[in-house]
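What you see is a predicted model, and the numbers here were worked out from it, not measured in a lab.
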Amino acid sequence: MDVDEVVVKSEPVDDDDEDEFAIKKPVAKQAPRVPAAAARRRVVNATAVKHEVKREPDVDIEIKPATRIERKPVDRTHWQAVQETLVAPKSDLDAVRVPQGSTKSENVLEADGSLRIFWLDFLEQEGVIHLVGKVLDRASGKYVSACVSINGIQRNLFVKPRPTRFSGGRETDIEVTKADVYQEFDNIRNKHGIEEWRAKFVNRKYAFEDHTVEHGDSEWMKVVYPFDQPEIPVGTSGATFSHVFGANTSAFELLVLKRRIMGPCWLDIKGAEVSTKATSWCKIEFTVSDPKNVNPFKDDDETAPKDTPPLTMMSISLRTIVNHRENKTEILVASVRTWEGVNIEDPTPPEKQPSSVTTIVRPIEKFPPGLEQRARSERSPFQAVKAERALLNSLLATIGRLDPDVIVGHNFLGSGFEALLYRLKELKADQWSRIGRFRRKGFTISKAGSNVRLMAGRLVADLSSDAAKGMISSTTWSLTEMVGTHLKVTREDVDPEDTHTFFDHTLSTPDKLIQFIRLCEIDAYFQMAISSRVQMLPLTKQLTNLAGNSWNLTLNGGRAVRNEFILLHEFHRLKYVCPDKMFNKQKIKIVNEQGEEEEVVAGHKRGKAKYAGGLVFEPKRGLWDTYILVMDFNSLYPSIIQEYNIDFTTVEREEDENAEEEKIPDVPPSDMQQGILPRLIATLVNRRRQVKGLMKDKSASPAKLSQWDIKQQALKLTANSMYGCLGFSGSRFASRPLAALTTFKGREILTHTRELAESLQLDVVYGDTDSVFVNSNVTTYPEALKIANEFKKLVNERYKLLEIDLDATFERVLLLNKKKYAAVKIDEAGSRSTEVKGLDMKRREFSKLSKDASATVLKEILSGDATENVVNKIHEYLTSLGETVRSGEVPIEDFIIFKRLGKNPEDYPDKKSQPHVQVALRMKAKGTAVRAHDVIPYVLCLGLDGKTARSAQADRAYHPDDLRRSGSELKVDYDLYLDSQVLQPVLRLCESIEGTERARLAECLGLDPARYTSSSGNEMQERAFFTFESQITDKERFKDASPLTVRCPSCEGTFTFDGMQADGTDGVTVLRHKGVQCALCDAPVHPASVAIQMETQIRSYISKYYLGWTVCDGDGCNARTRSMGVYGRRCLGFVKPDCKGTVHPEYTDLQLYNQLLYFRHLFDADKALSTTRGSARFDEVRTLTQANAKLLADCVGVADKYLDRNGRRYVDLGSLFGFMERIRL
DNA sequence: ATGCTAGGGGTGTTCA
DNA sequence: TGAACACCCCTAG
Ligand SMILES: [Mg+2]
Ligand SMILES: [Mg+2]
């Protein structure tokens, strides 16, 4: 016996662990005590610094100079403060646990000998289903774990007889009798070694996608035989039968379908016998010989137990290190925190419920001096063991003793669990299978697949599972991020490369290591708190109850599994033969038989779309300032399925799939009886309506409300997932024609809705799949609402069930592109909020720096302020931001970019061009576990030559930890960030804002403006140009523009050129049929002279603009200065030292732009013609424009040279800068 | 092992 | 040499 054993055994099995009481009750409202050590370290973490500065001003820490970037105040708790508030179990009694084997069956079984068990999970072994759940031990009044082994589950096969005998590769005329089928099948079963079987002919229906199977009601031969007999291969057929269904159906599926078990619930089991087989680690075991004895309680059974029993939940947090010599991941610290008797429906947060903790640490080589002593004396003691094996044994002992029903983790199945399994195996830990609830001897760890099966009997709630990710809104799902956003607590991250420094045994004190242990320990609480906050267990339970699968499948599988189960239940009840579960190999085989189908069903990569989806309208781009009504169909696709009765049983599908273009089937006639899918969805929707009705009850308790809310959510999720699974080729109930029909109807409905709006003279400015954005053209809420209601009524009249509704009202909306817009939403009460969709600032590959910049610029654009002010503010902000960034005051955190790995890093064919792949490969080389779907953080740095990169060069991307590490030479590439992360998003925001210009914005940020001259893409011409200005008349627009003055070469006098007077204000014009004529001496002015004079004037306006003079509006100041930007718009007080005024540009971008537009307008023949069309002056203008065609075209050309008409009609500064250079000379 | 399609925006390669 | 295309990632619905 080695030393490790002794350590484990020194911990008595049923002793009240001291550590359970170590965490003291929270001290009410006492400020968190933060040790000096923590304060010192917190300098590393910018967020933590902020927090401490705010709450504890007297803590002496380094405070960085305030930056000019506005940062939201972070109101977060420090993790240490949280740790001290965790509650310990109240009394000794609570801590007394039932040892295995002490539960007596007479205290569990009912008086009539029946067993009541709330089943949670199962394990299937050779056709035997071992259900694991909780039973009430009346002796202790506690719910204890129990296992019921259900024997005697029979396979159910459905054999489809052929009408005529099939022989020699083709049909014959010989009719097939029942006896023929029976006979042939008897031979086949004999060949496969099936000894015991029964068969009978029954009527069943079929309605699915295999068109070689007769649809509708027909006769089938049902074959029943036990699971201990061999399986018949899928796809078996013979001369007298064409198909065999159900050959590979699992015992679990048969059990839940036949017994109508819908997810975790109380089961009434008759004839259960106590078993001593010890198949599980449960407190008590039973066996049942007939599955018919297992039944859920009837809904109206008064005596049935109703509530979910209390569960034991254990949150596991691990710390590992890579042993580079052996290339193995070893466990250093394991911490488990356990909550017993948890009512999952109770919304009380975990810190308010008692919990116990066990934390075990082992050294890398040796512990720093005094650690063992501190392990015992700390207020919350922990176990310091000498070796990893002892750690594992102690962990297993804790799991075995507490027997958790639920394991909560973060990235547990992804990495921690795998590492743990390998160590358990390698170090031959005692009774390793206690990690789950089933005793096992052989230890096989699957390399490719999931190893959850080794946890069978316990629910695994992993925060990084796909199901959890769907419930938690987060960009990275890192624990640190979620703790910050969902718990408002600052978690401290440790660079995994630094792990060994915490275990340094040459340190004089163990403080550093203890800190590390506490960080691991608190994570267990964090995980539990997050899972509780997002209500992971209650929601997944409801989903499971609706679908009728197993809870663990909902927690760790995809939604397709749930959808399959709900449909299996539904179709089984109605006596349908359902499609079999296909495995990849089988599918490919079938495809080959049918000829060279290029389609590879198994292909998991996201290929091209297989059918058309939602319709997206081309947005009418620009900033809209009249109320826009967002009219949105409620759950469009589920509603369509109901409205048009779209179902496997009702829609007639084309048989040949080889058709060039897949035809969209017709909707069934209206007298067709309701299909299964529409009915199922209707049931879900009606139940949801009922629940939502209950929720209106004002006297309902918060707990009840939250329960209903979850129910309501689960119903909605289930209804909405139906359509997606129709189109999912991996689903047993996949039906591309039905999916395509659903979306087709969606497109049709949206088109009709748009047409209806337009017929009502309402402009539809955008729409996506199920929504139309209607321009109400009004600017008050009541008016807008009135239009919305009228429109809603007219739309809804057209459908039985489909309903459009006003989803939001936008006071202002900036439409940038399809799926990209931002709006100021306003509600009835007049409160405003900003809604952003699809913009760069919503994406994880844009850093905080970028998001903040976008948000600020967007706020200005949506402010409703005058364009001129908006443009100025943007310029000022960008100038200041550029300076702040270059000064190095912005923390590294703000530069972090996130990107997800679509596959394992080494699988990329073009690794070199993707920054996140490069970073991932580097992490992997250092031993950090990196795999497909991980979100990789990185910062773009200067190259080794210190030069900026033109684009996001992959090899210049580094993990933030690499930059933070002391002694790092890495420098953030500020220019690259200012360009690709600030300028580009801002340019996209400003694209339709007049007066902003690419080069100018670039210049503000200190970037080379020459690189951002307007592009000459001619697709821009097509873009509608919507701003407030474009809606006003030319007269109004150009009222502030200076006139074009022409100097007469003959008389040297100057006169004003007023164009063609297209608006007909007065009759006198200097433009005659023979050209321009001097207003003073009537001498002709040469066309070239007019053009040159105009260009000279344009240049003078441009240079006026670029001199950038500003004027102060302060009383008696009027300072004219060119120094601007650094202090924003405050007057620098050169004239009046204490001036409080603000400075304004003397000549703005907008003024210049407008001036150029004016000059162009003077010579614009087309415009003159179109504005006079139909008026008395039309003929006159037409002859004028014809006679002076060349003059007009030349002058328009000159103006366009500066306006860059082919771009966005913005001033082209590229050539202007060259021009400025020339005048300086 | 796995819901769907539409679409923008980035990078890199290919082909006229 | 430039557009056309493929691929990757992320988001909207
Ligand atoms: Mg909708
Ligand atoms: Mg919508």
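Summarising the geometry, the separation between NZ on A/K912 and P on B/dG12 is reported as 11 Å, rounded to the nearest angstrom. Between the CD1 atom of A/I646 and the P atom of B/dC4 there is a distance of 19 Å, given to the nearest Å.
For the pair A/F617 and A/N556, nearest-nucleotide mapping onto DNA chain B gives the more 5' position to A/N556. Taking the nucleotide of DNA chain B with the nearest heavy atom to each of A/G614 and A/S721, the more 5' of the two is matched to A/S721.
Using a 4.0 Å heavy-atom cutoff across all strands shown, A/A739 reaches no nucleic acid atom at all. Within 4.0 Å of A/Y637, counting heavy atoms only, lies no atom of the nucleic acid at all. Residue-level contact check: A/F633 touches neither bases nor backbone, having no heavy atom under 4.0 Å from any strand. Residue contacts shown for A/G724 include a base, since a base heavy atom lies under 4.0 Å away. Using a 4.0 Å heavy-atom distance criterion, A/E845 is classed as a sugar-phosphate-only contact. Looking at heavy-atom distances under 4.0 Å, A/K903 makes contact with sugar-phosphate atoms alone, never a base. Using a 4.0 Å heavy-atom distance criterion, A/D770 is classed as a sugar-phosphate-only contact.
A gap of 22 Å separates the P atoms of C/dG13 and B/dG3, to the nearest Å.
Remark on the helix from B/dC4-C/dG13 to B/dA16-C/dT1: inter-end axis angle 30°, axes from five-pair C1' superpositions, rounded to 10°.
Picking from C/dG13, B/dG10, C/dC8 the nucleotide with the shortest atom distance to the side chain of A/R988 gives B/dG10. Relative to the side chain of A/K842, the nucleotides B/dG8, B/dG3, C/dA12 differ in distance, and C/dA12 lies closest. Nearest nucleotide to the side chain of A/S913, out of B/dT11, C/dC10, C/dC8: B/dT11.
Two residues are said to be in side-chain contact when any heavy atoms from C-beta on lie closer than 4.5 Å; A/Y908 and A/H916 meet this criterion. Residues A/L677 and A/Y723 are not in side-chain contact: their nearest non-hydrogen atoms beyond the backbone lie 4.5 Å or more apart. The shortest side-chain heavy-atom distance between A/M536 and A/S465 falls under the 4.5 Å cut-off.
Ion pair A/K581/A/E253 not flagged as a salt bridge, since none of the NZ, NE, NH1 or NH2 atoms sits closer than 4.0 Å to an Asp/Glu carboxylate oxygen. Note on A/R621 versus A/E618: salt bridge recorded, some NZ/NE/NH1/NH2 to OD/OE distance being below 4.0 Å. Between A/R988 and A/E991, no side-chain nitrogen of the basic residue sits less than 4.0 Å from a carboxylate oxygen of the acidic one, so the salt-bridge criterion is not met. Of the charged side-chain nitrogens involved, at least one lies within less than 4.0 Å of a carboxylate oxygen, so that A/R653 and A/E209 count as a salt-bridged pair.
Remark: A/N817 is in phosphate contact with B/dG9, judged by side-chain N or O atoms under 4.0 Å from OP1 or OP2. Distances shorter than 4.0 Å separate some side-chain N or O of A/R900 from OP1 or OP2 on C/dC10. Applying the 4.0 Å criterion to OP1 and OP2 of B/dG9, one finds that A/K820 has every side-chain N and O outside that range.
Residues of residues 558-567 of chain A having a heavy atom closer than 4.0 Å to DNA chain B, listed by number: A/G558, A/R559, A/A560.
Donor-acceptor pairing under 3.5 Å is lacking for the side chains of A/S639 and A/E803.
In this structure, A/I861 and A/I993 approach most closely via the heavy-atom pair CG2-CD1, 3.8 Å.
Surrounding CG of A/D466 are at most 12 heavy atoms belonging to other residues, nucleotides or ligands under 6.0 Å away.
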